[in-house]
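Presented below is the structure to which this report refers.
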Amino acid sequence: MVNKHRLKPLYQLVVNNFHILVILPVISIVVLRKAAQLGPDELLSRFHGLRQVHLFLAVFLPFAMATLYLIRRPRSVYLVDYACCRPKSSCRVSLGSCTENARLYPYIDDGSFRFLSRMLERSGLGDQTYLHPSLHDIPPRCSLSGSRDEAEQVIFAAVDDLFAKTGISPGEIDILVTNCSGFTATPTSTDMIVNKYKLRVDIQEVNMSGMGCSAGVISLDVAKNLLQAAPRGAHALVVSTEITSLINYTGKNRTMLLPSALFRMGAAAVLLSTSRSKSRFRLKHVVRTITAAEDRAYQCASMMEDDEGKTGVHLSKDLLPVAGETLKANIAALGSIVLPPSEKLLFALSFLARKVLSRKIKLYVPDFHTAFDHFCIHTGGRGVLDAVQSSLCLSDENVEPSRMTLHRFGNTSSSSLWYELAYIEAKGRTRKGDRDLP
Ligand SMILES: CC(C)(COP(=O)(O)OP(=O)(O)OC[C@H]1O[C@@H](n2cnc3c(N)ncnc32)[C@H](O)[C@@H]1OP(=O)(O)O)[C@@H](O)C(=O)NCCC(=O)NCCSC(=O)CC(=O)O
C-alpha cells in the first residue's frame with residue numbers, strides 16, 4: 001500500500017517546484033533542440049543579423065521594468081519590537097476570589113451565581129489573571145475615573161517597556177494608533193499618550209473604539225498604510241488594549257454576565273517602521289474580513305441595555321459560529337496569498353469535486369503549517385480556541401500559546417495575540433525566517 005505520509009512530501013516537492021522541475025527543463029529542451037536543428041553557423045549568422053536596437057531593447061526593457069517595479073511597489077513595513085503590560089500584582093485575582101465575591105454581590109440571584117461560577121470554571125482562565133482594583137470591591141465600583149486609571153496603568157506600562165526595549169525616544173514617533181473597544185473617553189487614549197510622553201505636535205494620530213478584538217490587527221493595517229505614505233524610516237506606535245472596569249453588569253441576562261468571566265486587564269504596545277534596521281519582524285500581509293453587513297454577525301457582540309435598562313456587553317451564542325465562519329473567510333483570503341501551490345491545488349480539486357461530483361465530498365482543509373510556523377489565535381474563551389483548533393486542524397502545540405495566554409492573562413481582547421507571541425518567544429520557539437499567523 002502507498003504510504004500517504006511519504007507521498008505528500010513528494011507531491012509538495014513536485015507541485016511547489018513545478019517551474020524548476022518541469023517548466024525550466026521543458027523550455028531548455030525546446031531551445032536546445034531548436035539550436036541543434038539550426039546548427040552553429042545558422043545561429044551565428046542570426047546573432048550577427050540582430051540590430052543594435054534589438055540588443056539595447058533586450059537589455060534596457062527588463063532593466064527599466066524592474067526599476068519601475070522597485071520604485072512603485074509599496075514600502076515594506078517592519079515590526080521593530082513589542083511589549084505587553086504585566087499589571088501590578090495587587091490587581092491579581094484568583095478564580096476562587098472571583099466566585100466568592102460574586103456570591104456576595106447584592107444584585108446576583110442563585111441562578112446567575114451558578115451560571116457565573118460555572119463559566120469561570122469552564123472559561124480556561126487561571127488563578128493569576130488581573131482585574132482593576134475597582135472590580136475587586138463588593139460590589140464593584142465602576143466609574144470613569146477608575147477606567148481612566150486602568151487605561152493609564154496598562155497603556156503606560158506597555159509603552160514604557162517598549163521605549164526601554166527599543167531605545168527609541170518619544171520624539172521619534174511619527175504615527176500613533178490606539179484601539180480600545182469599550183472605553184472612549186475625552187481626552188482620548190491617543191491624547192493620553194501624547195500628553196504623558198510629550199510626543200511631537202505634528203504626529204498623525206488615530207484612535208479606534210468599539211471594534212473588539214479585531215481592532216488589534218486593524219490598527220496594524222492602519223499604521224502600515226500611514227507608514228507607507230510617510231517619509232522613509234518613520235516610526236508608528238500602536239497600542240491595543242481593552243478596559244474592563246467601565247461597566248459592571250448588574251442584571252440577570254446570561255449573555256451579558258458572561259464577559260465578566262472572560263475579560264481581563266492588559267495592553268500591548270508595538271513599534272513599526274519602514275526602516276529595516278533594528279527590526280525584529282517583517283509585516284507581510286494584513287487581510288481584513290468585515291462581516292458586519294450580515295445581521296447575525298452585526299448583533300453577536302454589542303454593548304446594550306437589558307430589559308430592565310441595565311447596561312452590559314452582550315455576547316450572543318451566535319458568536320462562536322459567526323467567528324468560525326469569519327475566520328474561515330479570512331483564512332481563505334489569506335490562504336490564497338500565503339499557501340504554497342500544492343495546498344491551493346488540493347483545495348481547488350476538492351472544491352471542483354464537490355461542485356461536479358457530489359456535495360458529500362468534504363472541502364480539503366489546507367495544511368496551514370505549510371504557510372505558518374506559529375499561530376496566535378485570539379484568546380476569546382476556551383470554546384473559541386476549541387472551535388478554531390478543530391476547524392483549522394491545528395495540533396495541541398499550535399494552540400498552546402493561546403491556551404496558556406488565556407490561562408495566565410484571560411481574554412485581553414485585541415492585545416492577546418501579542419501576549420501569545422511573547423509566550424512563543426519566551427519558550428525559544430522562534431527562529432530566523434519563521435512565519436506567524438496572528
Ligand atoms: C463560556 C465557555 C468557556 C463555556 O464553556 P462550555 O464548554 O461550558 O460551553 P457550552 O457551550 O457547553 O455552554 C455552557 C453553558 O453556557 C451557556 N452559554 C454559552 N455561551 C453563552 C452565551 N454567549 N450566552 C449565554 N449563555 C451561554 C450554554 O447555553 C450552556 O448553558 P446550559 O448548560 O445551561 O445549557 C465557552 O462556551 C466559550 O468559550 N464561549 C465563547 C465565549 C465568547 O463568546 N468569547 C468571545 C468574547 S468576544 C471577544 O473576545 C472579542 C473581543 O475581545 O472583543
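Order of listing sets the numbers, starting from 1, for every ligand and every atom in it.
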Check this for me: Tyr298, atom OH, are more than 12 non-hydrogen atoms of other residues, nucleotides or ligands nearer than 6.0 Å? no

Residue contacts for ligand 1, heavy atom to ligand atom, distance under 4.0 Å: Phe115, Arg118, Met119, Arg122, Ser123, Gly212, Cys213, Arg254, Thr255, Leu258, Leu262, Phe263, Leu315, Ser316, Lys317, Leu319, His378, Gly380, Gly381, Arg382, Gly383, Val384, Asn411, Ser413

Close side-chain approach of Ser402 and Cys376, heavy atoms under 4.5 Å: no

Side chains of His314 and Thr255: donor-acceptor distance under 3.5 Å anywhere? yes

Check residues 139-151 and write down every donor-acceptor pair under 3.5 Å in which the side-chain atom is one partner and the other belongs to a residue at least two apart or another chain.
{"unit_1": "Arg141", "atom_1": "NE", "unit_2": "Asp137", "atom_2": "OD2", "d": "2.3"}
{"unit_1": "Arg141", "atom_1": "NH2", "unit_2": "Asp137", "atom_2": "OD2", "d": "2.9"}
{"unit_1": "Ser143", "atom_1": "OG", "unit_2": "Ser145", "atom_2": "OG", "d": "3.3"}
{"unit_1": "Ser143", "atom_1": "OG", "unit_2": "Gly146", "atom_2": "N", "d": "3.0"}
{"unit_1": "Ser147", "atom_1": "OG", "unit_2": "Ser143", "atom_2": "O", "d": "3.1"}
{"unit_1": "Ser147", "atom_1": "OG", "unit_2": "Ser245", "atom_2": "O", "d": "3.4"}
{"unit_1": "Ser147", "atom_1": "OG", "unit_2": "Ser245", "atom_2": "OG", "d": "3.4"}
{"unit_1": "Ser147", "atom_1": "OG", "unit_2": "Leu246", "atom_2": "N", "d": "3.2"}
{"unit_1": "Arg148", "atom_1": "NH2", "unit_2": "Pro187", "atom_2": "O", "d": "2.9"}
{"unit_1": "Asp149", "atom_1": "OD2", "unit_2": "His132", "atom_2": "NE2", "d": "2.7"}
{"unit_1": "Asp149", "atom_1": "OD2", "unit_2": "Gln153", "atom_2": "NE2", "d": "3.1"}
{"unit_1": "Glu150", "atom_1": "OE1", "unit_2": "Thr244", "atom_2": "N", "d": "3.2"}
{"unit_1": "Glu150", "atom_1": "OE1", "unit_2": "Thr244", "atom_2": "OG1", "d": "3.3"}
{"unit_1": "Glu150", "atom_1": "OE1", "unit_2": "Ser245", "atom_2": "N", "d": "3.0"}
{"unit_1": "Glu150", "atom_1": "OE1", "unit_2": "Ser245", "atom_2": "OG", "d": "2.6"}
{"unit_1": "Glu150", "atom_1": "OE2", "unit_2": "Thr244", "atom_2": "N", "d": "3.0"}
{"unit_1": "Glu150", "atom_1": "OE2", "unit_2": "Thr244", "atom_2": "OG1", "d": "2.9"}

Any chance the side chains of Ser275 and Ser273 put a donor and an acceptor closer than 3.5 Å? no

Scanning both residues in full, the closest heavy-atom pair of Phe368 with Leu392 reads CE1-CD2, 3.9 Å

